[in-house]
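Some notes on the structure that comes next.
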There are 2 protein chains.
Amino acid sequence: MGIREVADMANVSVTTASRALNGTGRIAAGTRTRVKKVADELGYQPNEVARQLKEGMSSTLGVLVPDITNPFFPELVHGIQEVAEENGHVLLLAPTNGEPTGIAKALRQMHSRQVAGVVIVDDCLDDSALAKELDGLKYVALDRKLHLSQSTWVSSDHLGGAQMAAEHLIGLGHRRIVHIAGPQGIGVARERLAGFRQALELADIPLDDELVFYADFTEDAGYQAALGLLERDICFTAVFAVADLAAIGAMRAFDEHHLDVPKDISVVGFDDIHLASYVRPGLTTVKQQIAELGRVAAGLLLDSDPGTEGRSRTLPVEVVTRGTTARVRQSEVST
Amino acid sequence: MGIREVADMANVSVTTASRALNGTGRIAAGTRTRVKKVADELGYQPNEVARQLKEGMSSTLGVLVPDITNPFFPELVHGIQEVAEENGHVLLLAPTNGEPTGIAKALRQMHSRQVAGVVIVDDCLDDSALAKELDGLKYVALDRKLHLSQSTWVSSDHLGGAQMAAEHLIGLGHRRIVHIAGPQGIGVARERLAGFRQALELADIPLDDELVFYADFTEDAGYQAALGLLERDICFTAVFAVADLAAIGAMRAFDEHHLDVPKDISVVGFDDIHLASYVRPGLTTVKQQIAELGRVAAGLLLDSDPGTEGRSRTLPVEVVTRGTTARVRQSEVST
DNA sequence: TTGAAAGCGCTACCAC
DNA sequence: GTGGTAGCGCTTTCAA
């Protein structure tokens, strides 16, 4: 079932059939409708692979995420998908496992499949290494500010968000605030820590390194961090976690130790994945517009406007207050 | 950067270069290593698109899910991805939105991109309509038992799982058990309802249609269903929900009405998505091997063994007991 | 307005 | 062992 059959059936050459189907070039209106009708009857579907080979470019967007299982990413993919679909594009999904070799492998795939563009979420390669792998691909980096000429990224305002989160807690009277931080090799984790610190400084609260725990973005990491926290007799009344998942893990640990959230301890997360509103009490968190991040990234990739190279966007965030934060009690907890 | 350059650089024909790179046909060992070395130095990546056109088939697996945002699907995709990756395949992801037109559109994409196979999760087309769309594609239907010759599906034991869930509740002394059911147009929802009923019959508990609420697999549906339940003065001590998300939604409603789970009401879900172990108390549920479902499906697709057509598999499930189920109290609740 | 033919990058058939 | 060449299905010059 190729364009050949359609052409034969309509008594025209493949050239004419192609033109009729794509609406390119001069063609008699009658011929066009006739060919289209035939194509329709035959249920003709153009072979996208052949077209790609000819055009040197496919109507496919590559999506590279470390782990589709982390609820943040499906929401992101959903956003990308929306605008991709509007433009007749489809998504090529490759896992990077957050490892350099994974990235390289996935990127090679994208290359050899001639995707129209790639949105990449990663932070394990440094700028120049990443740039090298990305060579020749149109791309948008997500949640990572690449310091390269011609590079495009879209990111939330992580620093501002973290600052707002901490300020929310401070406004509630908290002074001893723990930060469950992400790996400092990761840009967004660093930014969130910086925002956190900035808020404390602004409020004249002395920084206490004992109060920052380095973990990662997972539930288990948050759980372990909270456990560690509880073991040492650290005095604190609130926790700001680098990610919702980590916050939820911490809450699990508190629950097991019969500490009430928010009565004994206030908790704030970051991301506002759907999950944040499912848990009880609902998690107070910094809302990223996750799907929008994806939409913007895909839009940048598909937008063929010239002079759009090197554009980047940072999206605003806001804290959404749910049930895990409360005014600090006068009688401190956990000593 | 084509095979041409490699061939020139190594002073061989493209034929020889191709053979060296693919390890097909007779070739001198020396030549092979030389070509490979050159390819390596040049960073040659075969153009997968051209190869696809030639071979009439791509090393790509299509994945059609209704909504990547539902946590069940990323886990599934993860499983598919694992075996796809092992075989050098990549995933083409298309959303169906659970609508016939979405399915048709996505399937057409898969067709024209010549995917090696498709795993499809859907239940809004009847068997023959689906068969028509699937025509010419190698496919595995997931969580849906297609009654077609030559069709392949993989599914969990939904009926058995639901029965076990109900029996778990019955074993705890519950008699007035509500089932938040899924849309009866959906096979797995029907099977789960059937399993539920079967358990009651076996235990000589009269079926009470007042106790089954039709909702769907979402959190909100579960929430609304539970609200409806609470409004009418229905007497019940336990809820079995068609999906974890629905169970969690119901728990949210109970929480808002100051009903304690599991003290006042026991709750059982279905799926065992990660989320089930994140919520407090942990959700007792029927565990599907979600990633394994994906692995098996992908395996069936990539397995080129002859005579494997029409094979299908159903995977076992088990109930995992966490914190949302308890022995019924003598003093009933909510009347 | 239409058609013949080249060629996208690759593999595989056939000849040497 | 190696190389010329056809051809996958399509789009697009260039002629007619």
Side-chain angles (χ1 to χ4, degrees), chain A residues 1-36 38-39 42-60 88 90 108-116 136-137, chain B residues 1-39 42-60 88 90 108-116 136:
Chain A
M1 250 303 350
I3 197 173
R4 192 58 206 269
E5 280 78 352
V6 178
D8 287 352
M9 217 65 187
N11 280 311
V12 293
S13 69
V14 290
T15 310
T16 305
S18 173
R19 280 200 279 253
L21 264 8
N22 297 303
T24 58
R26 264 158 279 292
I27 193 175
T31 315
R32 176 164 49 236
T33 54
R34 183 158 43 91
V35 173
K36 281 199 166 172
V38 171
L42 262 48
Y44 168 72
Q45 282 302 122
N47 182 329
E48 202 57 37
V49 178
R51 192 194 297 230
Q52 283 173 32
L53 179 59
K54 183 69 181 142
E55 307 290 87
M57 163 127 329
S58 73
S59 53
T60 305
V90 125
R108 253 194 296 281
Q109 288 277 10
M110 298 299 150
H111 241 122
S112 70
R113 279 154 208 269
Q114 309 195 153
V115 297
L137 284 172
Chain B
M1 251 304 350
I3 198 172
R4 194 56 206 269
E5 280 81 349
V6 178
D8 287 353
M9 215 65 184
N11 281 312
V12 293
S13 68
V14 289
T15 310
T16 305
S18 174
R19 280 199 279 252
L21 265 8
N22 297 301
T24 56
R26 265 158 277 293
I27 192 174
T31 315
R32 175 164 51 235
T33 54
R34 184 157 44 89
V35 173
K36 282 200 163 170
K37 186 156 153 287
V38 171
L42 262 48
Y44 167 73
Q45 282 302 124
N47 182 326
E48 201 57 37
V49 178
R51 192 192 297 227
Q52 284 173 33
L53 179 59
K54 182 68 179 139
E55 306 290 87
M57 164 130 323
S58 73
S59 52
T60 305
V90 125
R108 254 194 295 280
Q109 287 277 10
M110 298 299 150
H111 241 121
S112 70
R113 280 154 207 271
Q114 308 194 155
V115 297

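Everything numeric here is computed off the predicted structure, so don't read it as measured data. Naming convention: chains lettered A, B, ... in sequence-line order (proteins, then strands); numbering from 1 in each chain.
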Original post:
Side-chain contact, heavy-atom cut-off 4.5 Å: B:Asp8 with B:Arg4?
Top reply: yes
**OP:** Take the protein atom CG of A:Asn47 and the nucleotide atom C1' of C:dG9, then report the distance between them rounded to whole Å.
**Re:** 15 Å
**OP:** Would you kindly give the CZ-to-P distance between B:Arg26 and D:dG3, to the nearest whole Å?
**Re:** 16 Å
Original post:
Taking atom types as modelled, is there a side-chain donor on A:Thr16 or A:Ser13 under 3.5 Å from an acceptor on the other?
Top reply: yes
Original post:
Given side chains that start at C-beta, do those of B:Val49 and A:Lys54 come closer than 4.5 Å, heavy atoms only?
Top reply: no
Original post:
In Å, rounded to the nearest 0.5 Å, how long is the span from CE of B:Met110 to CD of A:Gln45?
Top reply: 12.5 Å
**OP:** Could you pick out which residue, A:Tyr44 or B:Thr31, lies toward the 5' side of DNA chain D when each is mapped onto its nearest nucleotide?
**Re:** B:Thr31
Subject >> Audit row: B:Ser58, A:Arg113, side chain to side chain donor-acceptor pair (under 3.5 Å) steps and yes/no >> reply: CA-CA 10 Å; B:Ser58 73; A:Arg113 279 154 208 269; 5.3 Å; no
**OP:** Can you sort out which residues in residues 51-59 of chain B have a heavy atom within less than 4.0 Å of DNA chain C? Ascending by number, please.
**Re:** B:Arg51, B:Lys54, B:Glu55
**OP:** Considering non-hydrogen atoms only, spot the tightest contact between A:Ala50 and B:Leu53 and give its length.
**Re:** CB-CD1, 3.7 Å
Original post:
Considering only heavy atoms from C-beta outward, does the side chain of B:Leu21 approach that of B:Pro46 to under 4.5 Å?
Top reply: no
Original post:
Contacts to DNA chain C from residues 6-22 of chain A, heavy-atom cutoff under 4.0 Å, which residues?
Top reply: A:Val12, A:Ser13, A:Thr15, A:Thr16, A:Arg19
Original post:
C:dG9 P sits how many Å from B:Gln45 CD, rounded?
Top reply: 15 Å
Original post:
Just how large is the angle between the end axes of the helix from C:dT1-D:dA16 to C:dC16-D:dG1, five pairs per end, to 10 degrees?
Top reply: 50°
Original post:
Below 4.5 Å, heavy atoms only, C-beta onward: do B:Met57 and B:Gln114 meet side chain to side chain?
Top reply: no
Original post:
Once you round it to whole Å, what is the distance between C1' of D:dT2 and CD1 of B:Ile27?
Top reply: 8 Å
**OP:** Nearest whole angstrom, please: distance from the P of D:dG3 to the CD1 of B:Ile3.
**Re:** 12 Å
Original post:
With side chains defined as the heavy atoms from C-beta onward, is the minimum distance between B:Glu5 and B:Val38 less than 4.5 Å?
Top reply: no
Subject >> Flag, side chain of A:Arg34 to backbone of A:Ala10, donor-acceptor distance under 3.5 Å >> reply: yes
Original post:
Less than 4.5 Å apart, any side-chain heavy atom of B:Val115 and any of B:Gln109?
Top reply: no
Original post:
In whole angstrom, what separates B:Glu5's CD from C:dG9's C1'?
Top reply: 10 Å
